Every structure is written in structure tokens, then in C-alpha cells.
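A short write-up of the structure that comes next.
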Amino acid sequence: MKIIGDKINLRYTTLEDADSIAKYCSEREISQFTVIPHPYTIQNAVDFITMCINDRKSMTSLHFGIENKETQEIIGMIDLNSINETHQHGELGYWLAKPFWGKGIMLEAIQMFTGYCFDKIKLVRIYAHVHPKNIASWKILEKARFEREGLLKNYLCINGKMYDRYIYAKLKD
Ligand SMILES: CC(C)(COP(=O)(O)OP(=O)(O)OC[C@H]1O[C@@H](n2cnc3c(N)ncnc32)[C@H](O)[C@@H]1OP(=O)(O)O)[C@@H](O)C(=O)NCCC(=O)NCCS
């Protein structure tokens with residue numbers, strides 16, 4: 001399964017991608033505003049890819065690797081989690097390897113991925129939770145025509161501390 005883009009492709013990951021995922025996820029900045037563990041090991045990558053393969057079978061979540069067109073290496077991930085077929089919504093998540101920031105790659109990945117999800121899965125709403133200080137992330141969402149719906153106060157408890165999250169959403173039409 002591969003979706004061809006201008007700057008990158010989106011494709012399913014296999015265990016052969018564990019090395020590149022572990023290499024890029026090891027950067028501290030990747031975990032700063034996400035639930036991605038730090039430090040990040042090869043075993044974390046193997047467990048993550050195995051989960052992606054299982055989720056694909058059960059359709060609880062959908063995960064695509066972001067593929068460098070020149071090297072075919074995985075340089076990021078984009079996911080739709082908590083897919084709810086009854087209420088027709090799902091939660092967007094993503095990360096991009098640091099050497100590729102600032103090139104418009106994640107904007108293209110979000111546009112390709114949300115287009116695919118709205119076409120192929122019966123969804124009317126894709127939403128994302130973003131740390132208010134993760135400016136790059138919410139700017140990208142706004143460029144991809146997501147709308148900020150509000151601030152979820154004390155939404156997450158991490159290591160005993162409460163954190164707020166913006167909620168952004170994009171509707172099918
Ligand atoms: C979120 C992420 C994918 C964005 O990467 P990117 O698409 O390459 O983003 P950019 O570096 O192009 O930044 C996007 C925009 O935010 C701006 N920006 C970035 N950091 C900023 C800051 N601290 N203050 C103000 N603006 C900032 C950039 O200038 C850019 O705006 P522009 O396109 O108008 O010039 C990347 O930072 C990442 O993978 N982070 C770690 C994982 C993560 O946080 N995932 C999201 C969880 S919700």
C-alpha cells in the first residue's frame with residue numbers, strides 16, 4: 001500500500017523500517033510534546049511496527065510511514081487513532097524526523113493522509129490534540145485547514161502533572 005506524493009510517499013511500515021524509526025525517534029524533540037518514549041530503542045520501534053500491523057487488521061487505528069522518495073527510508077509517521085465507526089471520527093497524530101523539518105513535508109503528509117481517510121473510511125471528522133507550546137504543530141494544522149475548537153483544560157496527566165491541549169478538527173467537507 002503506497003500513496004504517491006510530490007515531496008514524500010505514504011506507505012505501510014514493516015519490521016525492516018525499525019532501524020530508521022528508532023534512529024529518528026531517539027531525538028529528544030520528537031518526544032517533547034508527544035507520548036513517544038525517550039530514550040527510544042530498537043525494541044520500541046519493533047513493538048510499534050507490530051502494533052501498526054495488528055491495528056491494520058482490526059481497523060482500530062491506521063498508521064502510515066512517511067517515506068523519503070529518494071532513499072525509501074521512513075522519516076516520520078502519520079496515524080489515525082481511536083477510529084470510531086459509529087460516530088465517524090478519528091484522532092490524528094504525527095511526527096517527522098528533525099533533519100526534514102521546515103520543508104513543508106508534514107503539511108503535504110497531513111493533506112494526503114486526511115484526504116485518504118475521508119475517502120476510504122466512513123469518517124466525517126478528524127481531530128487532533130496539540131500542546132499549546134507546540135507552535136509548529138498547530139501552525140501546520142491551521143495550514144491544512146483544521147479549525148481550533150477550543151482549549152481542553154487539565155486534559156492530560158503526565159507523571160502526576162496536568163496539561164492543557166488545544167483541540168483542532170477538520171470536517172469532511
Ligand atoms: C510538528 C512537526 C511535524 C512540524 O514539522 P514541520 O512541518 O517541518 O514544521 P515547520 O518547522 O515547517 O514549522 C511549521 C510552522 O511553524 C513555525 N514555527 C515552528 N516553530 C515555531 C516557534 N517556536 N514559534 C513560532 N513559529 C514556529 C514555522 O516557522 C512554520 O511556519 P511557516 O511555514 O509559516 O514558516 C515537527 O515539529 C515534529 O515532528 N515534532 C515532534 C512531534 C510532534 O510534536 N508531533 C505533533 C504532536 S501534536
Side-chain angles (χ1 to χ4, degrees), residues 1-56 61-82 90-118 126-146 148 156 158-159 163-170:
M1 174 66 207
K2 191 179 272 202
I3 309 173
I4 308 294
D6 291 335
K7 296 188 170 81
I8 42 95
N9 300 322
L10 300 182
R11 68 163 168 85
Y12 289 153
T13 47
T14 72
L15 289 172
E16 288 178 11
D17 300 309
D19 283 348
S20 47
I21 289 179
K23 175 177 70 176
Y24 290 128
C25 269
S26 300
E27 301 261 19
R28 184 71 188 90
E29 290 86 345
I30 298 296
S31 63
Q32 188 181 8
F33 296 119
T34 65
V35 292
I36 295 170
H38 185 81
Y40 196 94
T41 63
I42 285 277
Q43 191 56 48
N44 288 129
V46 169
D47 292 346
F48 172 72
I49 294 165
T50 306
M51 183 194 77
C52 294
I53 294 166
N54 291 334
D55 284 353
R56 203 179 302 149
S61 298
L62 185 63
H63 310 268
F64 278 109
I66 300 171
E67 183 190 68
N68 182 326
K69 280 178 99 78
E70 284 161 24
T71 62
Q72 282 76 54
E73 188 184 35
I74 292 299
I75 56 169
M77 290 294 305
I78 187 158
D79 317 272
L80 191 71
N81 292 304
S82 309
E91 179 176 354
L92 183 69
Y94 44 83
W95 63 267
L96 181 66
K98 216 177 143 198
F100 301 92
W101 289 5
K103 300 176 195 294
I105 289 177
M106 190 48 80
L107 176 60
E108 183 181 359
I110 290 174
Q111 287 167 333
M112 286 165 69
F113 185 68
T114 52
Y116 176 87
C117 291
F118 281 133
I126 295 176
Y127 61 93
H129 296 139
V130 191
H131 192 301
K133 288 189 179 155
N134 196 354
I135 300 172
S137 185
W138 57 255
K139 275 198 161 186
I140 291 297
L141 287 172
E142 290 180 358
K143 281 191 182 175
R145 305 173 74 104
F146 276 68
R148 187 189 296 174
L156 284 185
I158 302 172
N159 297 329
Y163 291 90
D164 298 345
R165 284 290 184 270
Y166 285 143
I167 179 160
Y168 276 86
K170 184 171 188 172

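What you see is a predicted model; the values in this text were computed from it and never measured.
- Within a 6.0 Å sphere centred on CZ of Arg148, heavy atoms belonging to other residues, nucleotides or ligands number more than 12.
- Counting only distance, with no hydrogens or angles, the side chain of Lys170 and the backbone of Ala144 share a donor-acceptor pair below 3.5 Å.
- Checked by atom type and distance alone, the side chain of Lys7 never pairs as donor or acceptor with a backbone atom of Ala109 at under 3.5 Å.
- Remark: His38 NE2 to Ile30 CD1 distance equals 11.0 Å, nearest 0.5 Å.
- Closest non-hydrogen pair, Gly5 versus Lys69, comes out as O-NZ, 2.5 Å.
- Put simply, the side chain of Phe146 reaches to within 4.5 Å of the side chain of Thr114, judged on heavy atoms.
- Here the straight-line distance linking atom CG of Leu107 with atom NZ of Lys143 works out to 7.0 Å at 0.5 Å rounding.
- Note that NZ of Lys139 and OG of Ser137 are 12.5 Å apart. Values are rounded to the nearest 0.5 Å.
- Using a 4.5 Å heavy-atom cutoff, the side chains of Phe100 and Asn68 are in contact.
- Counting all heavy atoms, side chain and backbone alike, Ala45 lies closest to Ala18 at CB-O, 3.5 Å.
- Of the residues listed (Thr34, Ile36, Ile75), the one engaging Trp95 in a side-chain contact (heavy atoms from CB on, under 4.5 Å) is Ile36, and it is the only one.
- Counting only heavy atoms from C-beta outward, the side chains of Asp55 and Asp79 never approach each other to under 4.5 Å.
- For Gly90 against Leu80, the heavy-atom pair with the smallest separation is C-CD1, 3.6 Å.
- The line from NZ of Lys98 to CD of Glu29 is 3.5 Å long, rounded to the nearest 0.5 Å.
- Judged as a ring pair (Phe, Tyr, Trp, His ring centres under 6.0 Å), and not counting sequence neighbours, the contacts of Phe33 are His131.
- Side-chain contact between Met1 and Arg56: absent, with no pair of heavy atoms (C-beta onward) separated by less than 4.5 Å.
- Side-chain contact of Asn44 with Thr41: a donor-acceptor pair under 3.5 Å is present, judged by distance alone.
- Classification of the His129-Tyr127 ring pair by plane angle, with boundaries at 30° and 60°, yields tilted.
- With rounding to the nearest 0.5 Å, the separation of CZ in Arg11 from CD1 in Ile3 is 12.5 Å.
- Of all heavy-atom pairs between Leu141 and Tyr94, the closest is CG-OH, 3.3 Å.
- A 4.5 Å side-chain heavy-atom check between Ile66 and Met106 finds at least one atom pair inside the cut-off.
- Scanning all heavy atoms of the two residues, the minimum distance from Ser61 to Ser82 falls at OG-N, 3.9 Å.
- The two residues Pro37 and Ser31 make their nearest non-hydrogen contact at O-CB, 4.2 Å.
- At least one side-chain heavy atom of Tyr40 sits less than 4.5 Å from a side-chain heavy atom of Ile21.
- Pairs passing the ring-ring contact (aromatic ring centres under 6.0 Å, His included) check and including a residue from residues 61-81, sequence neighbours excluded, read Tyr12-Phe64, Phe48-His63, Phe64-Phe113, Phe64-Tyr116.
- Residues passing the salt bridge (Lys or Arg N to Asp or Glu O under 4.0 Å) test with Glu108: none are found, sequence neighbours excluded.
- One distance of note links CG of Asn9 with CE of Met112; it measures 6.5 Å at 0.5 Å rounding.
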